[in-house]
Amino acid sequence: MKTHTESLLRSHPRGDKTRTKDYSDALTALAACAEACSVCADACLAENSHVEMLRRCITTDLDCADVCTTTSRLLLRQTDAPNDLVHAQLHACVVACQLCFEECARHATAHAHCKFCAEACRHCQERCNFLLGEISSSGTAEETDPAESSVLSV
C-alpha cells in the first residue's frame, strides 16, 4: 500500500521514482525518531530526582531530533538529489541515531521513554543506513576539480 509520502514523492517531476519507497521509509523513520527523541528529552526533564543523571540523555535526544528533522528536510528536496550534502547528512544521522540509541539504552530498564526512544533511534539508523547504501550505489553529484571550486584560490 502506497503511503501519502510516497505519493507526494512520486508526484515530484524530478524525484527518484525508482527509490520512492526507500525515501518514504526513511522519512517515516526520521519523523518517528525525531518525535521519540523530543518526547524522551521532555520526559527526562520531568524525572525530577534523576535529571542530573539524565543530562547526557537529554542532550543526545535533542541533538538526534534536530539531525533527524534536518535530514528529513533535505531528503524531501528531490530536485537535485542525491548529492554530496544528502550523503553527508544521512551519515550524520546514522551517527546521531547510534549515539542516542547507546545513551537511551543505558537508561531503558529504568525509564520506558528511553526504551522507546532507543528503539526508534535504532530503526531510524537502519533505514537511513539502507537509503545511504542505495543512493551511494547510484552515484553522487558530478565531481568537480577542487582547484576550480575553491573559494580561497588565489
Side-chain angles (χ1 to χ4, degrees), residues 1-45 53-146 149:
M1 186 168 125
K2 201 182 314 181
T3 66
H4 182 70
T5 303
E6 280 182 79
S7 296
L8 282 170
L9 292 172
R10 285 192 187 284
S11 72
H12 195 292
R14 293 183 65 191
D16 184 351
K17 309 278 189 278
T18 61
R19 292 192 177 80
T20 303
K21 175 114 175 69
D22 298 334
Y23 275 88
S24 179
D25 289 348
L27 287 162
T28 300
L30 286 160
C33 189
E35 183 178 283
C37 288
S38 295
V39 169
C40 188
D42 187 61
C44 286
L45 287 169
M53 180 183 73
L54 295 169
R55 183 179 304 276
R56 179 157 169 74
C57 190
I58 295 164
T59 301
T60 58
D61 283 338
L62 295 173
D63 290 347
C64 191
D66 287 346
V67 170
C68 286
T69 301
T70 300
T71 304
S72 291
R73 293 181 66 161
L74 288 176
L75 288 180
L76 288 169
R77 297 179 187 141
Q78 295 282 300
T79 300
D80 291 321
N83 61 41
D84 291 340
L85 182 58
V86 170
H87 287 141
Q89 187 64 36
L90 278 167
H91 179 72
C93 194
V94 167
V95 171
C97 287
Q98 178 64 35
L99 294 172
C100 195
F101 165 79
E102 290 170 0
E103 186 59 30
C104 284
R106 290 184 42 213
H107 307 287
T109 56
H111 306 286
H113 51 84
C114 289
K115 177 182 178 279
F116 295 126
C117 187
E119 291 169 358
C121 287
R122 177 60 80 206
H123 180 67
C124 186
Q125 179 185 23
E126 290 168 356
R127 295 315 317 152
C128 287
N129 204 34
F130 178 80
L131 181 59
L132 184 58
E134 288 296 302
I135 65 174
S136 293
S137 66
S138 66
T140 61
E142 288 182 31
E143 247 184 78
T144 57
D145 181 355
S149 62

How long is the span from the CD atom in E35 to the SG atom in C117, to the nearest 0.5 Å?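 Going from the CD atom of E35 to the SG atom of C117 covers 11.0 Å.
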
Looking at every heavy atom in both L62 and A41, which two are closest together, and how far apart are they?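 Distance-wise, the nearest heavy atoms are CD2-CB, 3.8 Å.
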
Working to the nearest 0.5 Å, report the span between CD of Q98 and CG of N129.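 Answer rounded to 0.5 Å: 10.0 Å.
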
Closest non-hydrogen atom pair, C97 against C33: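 That would be SG-SG, 4.0 Å.
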
I need the I135 CD1 to Y23 OH distance, nearest 0.5 Å.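 Answer rounded to 0.5 Å: 4.5 Å.
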
Does L9 form a side chain to side chain contact (heavy atoms under 4.5 Å, CB included) with L27? I'd like the steps, not just the answer. CA-CA 11 Å; L9 292 172; L27 287 162; 3.9 Å; yes

As a quick check of understanding, evaluate side chain to side chain contact (heavy atoms under 4.5 Å, CB included) for C37 and C121, giving each step before the final call. CA-CA 8 Å; C37 288; C121 287; 3.8 Å; yes

Looking only at atom types and distance, does a side-chain atom of T69 sit under 3.5 Å from a main-chain N or O of A65, one as donor and one as acceptor?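 Judged by distance alone, yes, a pair lies under 3.5 Å.
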
Expected output: side-chain T60 to main-chain C57 donor-acceptor under 3.5 Å: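 Yes.
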
Does the side chain of Q89 come under 3.5 Å of the side chain of T71 through a donor N or O and an acceptor N or O?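 Distance-only check passes for Q89 and T71.
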
Are V95 and V67 close enough that some pair of their side-chain heavy atoms sits under 4.5 Å apart?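 No, side chains not in contact.
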
When rounded to the nearest 0.5 angstrom, what distance separates CG in L99 from CG in D61?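 Those atoms lie 11.5 Å apart.
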
Can you see whether H107 engages E103 through a side-chain donor-acceptor pair at a distance of less than 3.5 angstrom?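 The criterion, which ignores hydrogens and geometry beyond distance, is satisfied for E103 and H107.
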
Using a strict threshold of under 4.0 Å (side-chain N to carboxylate O), is an ion pair present between E102 and R106?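 Salt bridge between R106 and E102, a charged N being under 4.0 Å from a carboxylate O: no.
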
For a side chain to side chain contact (heavy atoms under 4.5 Å, CB included) check, start with the C-alpha distance between C93 and C64, then their side-chain angles and the critical distance, and finish with the verdict. CA-CA 7 Å; C93 194; C64 191; over 6 Å; no

Should E126 and R122 count as side-chain neighbours, where that means a heavy-atom distance under 4.5 Å?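 Yes, their side chains come closer than 4.5 Å.
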
Sub-4.5 Å side-chain heavy-atom contact between K115 and T109: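 No, too far: nothing below the 4.5 Å cut-off.
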
With rounding to the nearest 0.5 angstrom, report the CG to NE2 distance, L132 to H91.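 Between L132 CG and H91 NE2, I get 8.0 Å after rounding to 0.5 Å.
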
How long is the span from the OG1 atom in T59 to the CZ atom in R55, to the nearest 0.5 Å?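 The distance works out to 7.5 Å.
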
For T20 and T5, run side chain to side chain contact (heavy atoms under 4.5 Å, CB included): C-alpha distance rounded to whole Å, both residues' side-chain angles, the deciding distance at 0.1 Å, then the answer. CA-CA 9 Å; T20 303; T5 303; over 6 Å; no

Are the side chains of C128 and C68 in contact, using a 4.5 Å heavy-atom criterion?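 Counting from C-beta outward, C68 and C128 never come under 4.5 Å.
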
